[in-house]
Amino acid sequence: MSSNLQPSVCGSESQVIQHVVSGRTQVLGVFGHPVEHSVSPCMHNAAAAALGLDWVYVPFPVRPEALCRALKALPALGIRGVNLTIPHKLAAVDAMDCLAPSAAALGAVNTVRVTDGLLEGHNTDPAGFMAPLVAAGFPAAGASAVVLGAGGAARSVAWALASAGASVIVANRTVGRAASLAADINAAVAMPVVSSMGVSDESALCAAVAGASLLVNTTPAGMHPNVTGLPPAPLSALHAGLLVYDLVYRPRRTRLLAAAEAAGCAVLDGLPMLAHQGAESFRIWTDVAPPVGVMLSAAESFLQAAG
Ligand SMILES: NC(=O)c1ccc[n+]([C@@H]2O[C@H](COP(=O)([O-])OP(=O)(O)OC[C@H]3O[C@@H](n4cnc5c(N)ncnc54)[C@H](OP(=O)(O)O)[C@@H]3O)[C@@H](O)[C@H]2O)c1
C-alpha cells in the first residue's frame, strides 16, 4: 500500500480522523451488502486513532455470492480480520477453519480473525449485549427475562442470558420461530431454561412481563425511520422492578423506553451494546484493551450526523 493521507470523516467536521496509511498499516474491515451505512468503520478507526495504533478499518461491499471467495482471500491479502454484517453472518460459518463457543452455539459469525493463515469465527453480540447489563449492576443469574422477537439478535440475547443463569421466555409474532430458537438454545446450554410463546396471547405475555425483572426488545419496531413504532410489549404490565433494554439505537430513546421510564422502569438503549460488540471484535483482532467510550462517542456522532 502506498503512503497516502486518508481522511476518514466520522460524524461531525470536528471528528475528521487522518491516518497515514503505509506498507506497515494493518488492515481490518467489514463485509456487508449493503455496507455503506455501517457504523463500524467510524468506531474502529476512532479506536485505533485514540490508541495510536497503525490499523485501518475499511468497508467492503461483498455480494452474497462472493462471500466465500472474499473470506478465503483474507490471509493472502494480509487482512487481519473482518466483521460480517447483513446478509453474511450465517453463510460464513462453513467457511471458518474453527469457531469460538459463541459462534458455534449461535451458528452465526460476526467477527473473523485471521491467525496463521486460518479463519477463526467469533460472535461478539452476546458479550456486547451483556456488558451494559453488567455495568448497570443487573444480576443475570436467577433473573427472569422476556425477550421480544426471535431473529438473529434474539438468539444472541437468549444464549447470553441462558449462559449467565437467567430463565428466558422468547415471545414472537411467528410463534414457530420462537419455538425453534428456544429448542436450539436449550440444546446449546447446560440446562433447558428457554421457553417460547406467541405475542398474540396477550394475557400470557402480560403475566410473563409482570413476573420478569428484564424485558428485552430485539424487534426493529421503533427504529428509524418508523420511530412511532412500538414492539408488542404489554405496556400495562411494565413495573418499577423491571429493567427494559431496547436493542434499537436509532433513536436512542424509543417509544418503548419512554413508556418504560414513565412506568418507573430502569432502561438501557441499544447504543452501548453496539459499542461493546465492536469493542470485543477490536480486542480479538488487536489483543489490546479497546477504548469503549471512544467507540461509543464515535458511533453516537456518526448516527447524529446521519440524522
Ligand atoms: N444494539 C445492537 O448492537 C444491535 C445488535 C443486533 C441487532 N440490533 C437491532 O435488533 C433488531 C433486530 O435485528 P435482527 O437481526 O434480530 O432482525 P431479524 O433477524 O430480522 O429479526 C427480527 C425479529 O423481530 C420481529 N419483528 C419485526 N418487526 C416486528 C414488528 N413490527 N412487530 C413485532 N415483531 C416484529 C420478527 O418477527 P417474525 O419472526 O414474526 O418475522 C423477528 O422475530 C434491529 O433493530 C437491529 O438494529 C441491535
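Since the model is a prediction, treat every value here as computed from it, not as a measurement.
With sequence neighbours excluded, the residues that form a side-chain contact (heavy atoms from CB on, under 4.5 Å) with A105 are W159, A188. With sequence neighbours excluded, no residue forms a side-chain contact (heavy atoms from CB on, under 4.5 Å) with E202.
One hydrophobic cluster holds both V58 and L74 under the rule that ILVMFWY side chains link at heavy-atom gaps under 4.5 Å.
A donor-acceptor contact shorter than 3.5 Å links the side chain of H88 to the backbone of V62. Using modelled atom types, no side-chain atom of Y249 and backbone atom of M223 make a donor-acceptor pair closer than 3.5 Å. Proximity of a side-chain donor or acceptor of N45 to a complementary backbone N or O of P41 within less than 3.5 Å is detected. A donor-acceptor contact shorter than 3.5 Å links the side chain of H239 to the backbone of A212.
Nearest heavy-atom pair, A162 versus V189, reported as atom, atom and distance to 0.1 Å: CB-CG1, 4.1 Å. Closest approach of A299 and L274 over heavy atoms only: CB-CD2, 4.3 Å.
For the pair R250 and D269, the salt-bridge criterion is not met [side-chain N within less than 4.0 Å of a carboxylate O]. For R155 and D184, the salt-bridge test passes: some basic side-chain N is under 4.0 Å from an acidic carboxylate O. A salt bridge does not link R255 to D246: none of the charged nitrogens lies less than 4.0 Å from a carboxylate oxygen.
Two residues are said to be in side-chain contact when any heavy atoms from C-beta on lie closer than 4.5 Å; Q277 and P126 fail this criterion. Residues V216 and T218 form a side-chain contact, since some pair of their non-hydrogen atoms from C-beta on lies under 4.5 Å apart. Considering only heavy atoms from C-beta on, L71 comes within 4.5 Å of L119 through its side chain. You'll find the side chain of R177 reaches within 4.5 Å of the side chain of N172, heavy atoms only. Contact check for M96 versus V112: side-chain heavy atoms found under the 4.5 Å cut-off.
Between F60 and F31, the two ring planes are perpendicular [angle over 60°; tilted spans 30° to 60°].
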Item to check | Stepwise side-chain contact (heavy atoms from CB on, under 4.5 Å) check, L247 with M273 | outcome: CA-CA 8 Å; L247 264 51; M273 173 179 172; 3.7 Å; yes
Checklist entry - What do the steps show when you test Y57 against C42 for side-chain contact (heavy atoms from CB on, under 4.5 Å), and what is the final call? => result CA-CA 8 Å; Y57 185 104; C42 178; over 6 Å; no
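Ring pair H44/W285: centre-to-centre distance below 6.0 Å.
When hydrophobic residues (I, L, V, M, F, W, Y) are linked wherever their side-chain heavy atoms come within less than 4.5 Å, the members clustered with L230 are V146, L148, I169, M197, V199, L205, V209, L215, L235, L238, L242, V244, L256, L257, V267.
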